[in-house]
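Right, one structure below, let's go through it.
All heavy atoms count here, side chains included; hydrogens, waters and symmetry mates do not. Sequence positions, counted from 1, serve as the residue numbers for this chain. Just so it is clear, the structure is predicted and the values come from calculations on it, not from any experiment.
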Amino acid sequence: MRRLLVLALLLVPLVGPAQASLEEAMALYEEGRCQEAGEALGEAQALLWDYVLYWQARCLARQGRTEVALQALSPLLSARKVPPPLRKKAWLLRLELEGGLQPLREFLRQYPSEHSRALELALALRALGDWETSERLLLGVFVHADGALSLRALRELSRRPVPEAFLERAKVLRRRARPGDAELALQEALRGLKDEGLRRQALGLLAWALGGQGRHLEASAVWLALGRPEEAALSLLRAGSLEAFRGWLKELGSDRLRLALARRLRHAEPQEALRLLREISSPEYAQQALWLRAWLLYRQGRYQQALPHLQELYQRYGKSRYLYWLARAAEALGQEAGAYYQRLLRSRDIYGLFARLRLGMPGQEAWPVVVLQPSRHRGLERARLLASLGLREEAVGELQALAARAAEPSLLAEAALELQRLGAYSLALRVAERLPPRWRAKGLLYPRVHWQELREASLQWGLDPYLVLSMMRQESLFDPEAVSRAGARGLMQLMPATAREVSRRLRMPFSVALMHEPRQSIRMGAYYLGMQLRRFGSPVLALCAYNAGPRRVSQWLRRGPYRGVDEFIEDIPFRETRLYVERIILTYAAYRGLEHVGPWLAPWRM
């Protein structure tokens, strides 16, 4: 019998004396009536003392009473209990009011990553003749800032940065996954680096940068110059130079290279791949080699030969992946597999879900019922008051600070709910994921976000709205400002080139900024997913195409036939895409229940 799933909260009324007095005070502040505003605050003054000081300082500043405003700001610049966003606002207001270099120096000691302010200070110091400090600051901005700001700092430097600075810049760019820009920095570095250790660092980064741009033959030459023939050989394999790779394999006799070649050949030359796998003896690669042997034999329908390998894998490593395919192989041989599937029911991963489907056990998961009593916690009351005034950013900051310190499940759950109400869904999910199992209510972990816009777009393009919702949760964790390392943007994580083309087809305006607008992102993402669904006829294939591209999916299908969707998912060659599809299936099951998953996996049989 299905349990009722409930998340309830007895709300603290927002309309009360504190809110009323605060609304009156805020109106007076806006009119510049600072003294009257302070008198009107009442009990809100004690609860929001730090915000009151900030509002008072702004009000006084508008009256031209700069010294008094700075006195009001002073406690906010150092008090440890002031929320970080408010403290930063106080520092910025001080800079606006006081001017001069000393406040700017002090600000940068607090916020060293504020590169635009560092550039401002550098230029001011240069005008005063302090070239040494100015150059040091400009160099820091060049190394650490993004794009245009870094280039501006480079142009402002009186002389070309030393090679070591270009190397540091390249390291920063690697962390930001920008191989093309990193290559340019490394070329500059290598022109002047004399130290052998630093040159080797730069060459290693250059090989990564070249590989990251698909220039694997060039990367191979760099690895070879570094005396790292295995890496050079692997770059050749990525470039498709099989003959050259085989030459290196013969010379080096490396198990790492054998495994890489076996993976490459597993579809085109499965017997050669099996031969290579049998030759691997290194303990470091034993599990990967044994699994690939078992999977190749299974895919060839040689279940009797795959069975002992799968048994050994499960006995030695205990992974649900091995147990599931052991059950499938046994089933294919007409053996009893129910006990294996029963054991898998404890697994919360995709194999546990597949086992439930094979046992014919659909049904909604029983989620805990959580009833929260209204809390009078100071942090929650502050956040609610700020939210009631429309100060969303400040309220979210309060809740973040509260959640970072909180350990009690009830307080974390309430903070997560308040964050949801403020539309900070990504932060709410991160807080909810810290809850112990009995507090993990469905409404906290699987909310229906932007539901009206999402449902309209899904129905327009013939999609299940819960599929799009599950995908959005996986793609961006409901963060409209999300940007991936590859450059995908917004709730639906489209690449700019794809979004531009979709916008053209839909006759919608396009800009990078619009990709972060929820309604626009949902419409574009739903349209593109619908395109893939119409092309491939299967939600699983449509998801693969969304993540890895339709051309690759067409290539993967030619490697069939597959007896079930589980086989196709397991055979996806890109680990990132395989995990992506698995997580969306699990999320969809959490939203809708297993009874909807079976039909969703059509047209393949399970």
Side-chain angles (χ1 to χ4, degrees), residues 1-6 294-295 298-299 301-304 306-307 310-311 313-315 318-369 437 440 442 445-446 463-467 469-471 473-474 533 536-544 560-572 578-606:
M1 184 176 177
R2 185 183 299 178
R3 284 178 53 187
L4 180 64
L5 313 180
V6 177
W295 182 243
Y298 179 95
R299 286 286 295 124
R302 296 158 68 182
Y303 306 115
Q304 195 67 57
L307 202 64
L310 291 164
Q311 288 169 334
L313 281 162
Y314 182 63
Q315 287 165 4
K319 292 183 179 179
S320 57
R321 180 189 210 180
Y322 305 145
L323 181 58
Y324 179 76
W325 292 110
L326 172 59
R328 291 285 270 135
E331 200 172 43
L333 290 167
Q335 300 175 11
E336 173 56 41
Y340 296 138
Y341 290 133
Q342 288 287 340
R343 205 178 305 170
L344 278 163
L345 296 181
R346 297 191 295 267
S347 297
R348 308 287 292 180
D349 58 13
I350 195 70
Y351 302 105
L353 183 146
F354 284 159
R356 291 180 70 87
L357 290 173
R358 296 202 71 78
L359 288 170
M361 296 176 60
Q364 189 89 358
E365 183 176 354
W367 292 88
V369 176
R440 292 188 163 204
K442 182 177 180 180
L445 290 170
Y446 297 95
L463 297 167
D464 180 343
Y466 284 97
L467 168 60
L469 182 64
S470 302
M471 187 175 156
R473 188 183 188 277
Q474 173 60 29
L533 184 59
F536 293 106
S538 157
V540 169
L541 295 179
L543 290 172
C544 289
Y562 295 98
R563 294 191 310 142
V565 69
D566 51 352
E567 288 188 10
F568 175 81
I569 292 172
E570 191 68 66
D571 211 38
I572 294 172
R578 187 175 70 251
L579 293 177
Y580 171 85
V581 171
E582 290 176 358
R583 287 167 183 161
I584 291 176
I585 292 173
L586 290 167
T587 301
Y588 183 88
Y591 272 116
R592 297 216 65 188
L594 281 173
E595 67 267 30
H596 295 279
V597 174
W600 185 76
L601 296 176
W604 280 313
R605 293 180 294 103
M606 275 296 297

Straight-line distance of [X] [atom1] to [Y] [atom2], nearest 0.5 Å:
{"X": "Asp566", "Y": "Leu353", "atom1": "CG", "atom2": "CG", "value": "11.0 Å"}
{"X": "Gln335", "Y": "Gln304", "atom1": "CD", "atom2": "CD", "value": "6.5 Å"}
{"X": "Leu359", "Y": "Arg356", "atom1": "CG", "atom2": "CZ", "value": "9.0 Å"}
{"X": "Arg563", "Y": "Arg299", "atom1": "CZ", "atom2": "CZ", "value": "9.5 Å"}
{"X": "Lys319", "Y": "Asp349", "atom1": "NZ", "atom2": "CG", "value": "11.5 Å"}
{"X": "Leu586", "Y": "Leu579", "atom1": "CG", "atom2": "CG", "value": "10.5 Å"}

Does some side-chain heavy atom of [Y] sit less than 4.5 Å from a side-chain heavy atom of [X]?
{"X": "Ser320", "Y": "Tyr314", "answer": "no"}
{"X": "Phe354", "Y": "Ile569", "answer": "yes"}
{"X": "Glu336", "Y": "Glu331", "answer": "no"}
{"X": "Tyr303", "Y": "Arg328", "answer": "no"}
{"X": "Leu345", "Y": "Tyr341", "answer": "no"}

Least distance between heavy atoms, [X] atom then [Y] atom:
{"X": "Arg578", "Y": "Ile572", "value": "NH1-O, 3.5 Å"}
{"X": "Leu533", "Y": "Ser538", "value": "CD1-C, 3.5 Å"}
{"X": "Phe568", "Y": "Cys544", "value": "CE2-SG, 3.9 Å"}
{"X": "Tyr591", "Y": "Ser470", "value": "CD1-OG, 3.6 Å"}

Study note, to complete from the structure: Of Trp325, Tyr324, Tyr322, the one forming a ring-ring contact (aromatic ring centres under 6.0 Å, His included) with Trp295 is Trp325

Exercise for review: Before giving the answer on side chain to side chain contact (heavy atoms under 4.5 Å, CB included), spell out for Ile350 and Val581 the whole-Å C-alpha distance, their side-chain angles and the decisive distance to 0.1 Å.
Suggested key: CA-CA 10 Å; Ile350 195 70; Val581 171; over 6 Å; no

Check your understanding: Going by atom types alone, do Tyr588 and Gln474 pair a side-chain donor with an acceptor below 3.5 Å?
Key -> no

Review point. Does the side chain to side chain contact (heavy atoms under 4.5 Å, CB included) test come out yes or no for Tyr351 and Glu570, once each step is laid out?
Key: CA-CA 10 Å; Tyr351 302 105; Glu570 191 68 66; 2.6 Å; yes

Check your understanding: So, is the end of the Arg473 side chain (NZ or CZ) under 6.0 Å from the ring centre of Tyr446 and within 45° of the ring's axis?
Key -> yes

Review point. Do Arg592 and Asp464 sit within salt-bridge range, that is, some charged N less than 4.0 Å from a carboxylate O?
Key: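 Salt bridge between Arg592 and Asp464, a charged N being under 4.0 Å from a carboxylate O: yes.
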
